[in-house]
Amino acid sequence: MKNLAVLASGRGTNLQAIIDNVKKGSIKARLALVISDQEKAFALKRARRAGIPTLYADPKRFAGRSAYDAYLVKALKKARVDYVILAGFMRILSPAFIRAYKNRILNIHPALLPAFKGVEAIPRAYRYGVRVTGVTVHFVDEEMDHGPIILQEPVTVSANESVAELEARIHRVEHRLYAQALQKLVAGRLRITGRRVLS
Ligand code: GRF
């Protein structure tokens, strides 16, 4: 069985969805470690509640990004992690981290990439007035929100919904889509060829 680590900075609803799917047996993997850069992240509470080992690593205690990331990679290797799952981890990973887990890091983004890369994607798409946005699960490469796309699902924006309503609908899609991608990942069904992912 493959070992997963989830990296999260915030409330961790995607982490929770992954925990629930692992428990149900629909993602056939072990959650080996949850890492956060935020001591108060609710994601850490969710992990502890589920009995998953946690690591809070404070970036301020390291000389810089590469020292911090080297520490994370060491912890991941020690926990024998096969795949790194980013779920609202609000830090850019260094090239050395990405090389250490080449093609074994996944991210979820609440928009249809390459549209609305970066933070606050949902409110930015809403303010832009798009009629269709969505969710993307992708492999992580050295450029932000850029690696090969595993799954995408569109979400239609209704004419008179609020940004909060749109956020809620997008998050529900995220929880389902990430689980779907992880099922395929741990079953060894994802093959990267150039920018395409075959499953
Ligand atoms: C999600 O919208 C995800 O797409 C983005 O960060 C958010 C994390 O939310 N990368 P949560 O902490 O999983 O609730």
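We count ligands from 1, going down the list as the structure has it; atoms in each ligand are counted the same way. As the structure is a prediction and not an experimental result, all values here were calculated from the model.
Using bins of under 30°, 30° to 60° and over 60° for the plane-to-plane angle, the ring pair Tyr101/Phe97 lands in the tilted bin.
Among Glu142, Glu143, Arg104, the one residue that satisfies the side-chain contact (heavy atoms from CB on, under 4.5 Å) test with Ile98 is Glu142.
Contact record, Leu15 with Ala87: N-CB, 4.4 Å, taken as the closest heavy-atom pair. In terms of heavy atoms, Leu7 sits closest to Phe89 at O-CB, 3.4 Å.
Ordered by chain and residue number, the residues placing a heavy atom less than 4.0 Å from ligand 1 are Arg11, Gly12, Thr13, Asn14, Gly88, Ile108, His109, Pro110, His171, Glu174.
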Worked verdict on Asp82 versus Val186 for side-chain contact (heavy atoms from CB on, under 4.5 Å): CA-CA 9 Å; Asp82 298 295; Val186 299; over 6 Å; no

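Pairs engaging residues 1-27 under the salt bridge (charged side-chain N to carboxylate O under 4.0 Å, His left out) rule: none recorded [sequence neighbours left out].
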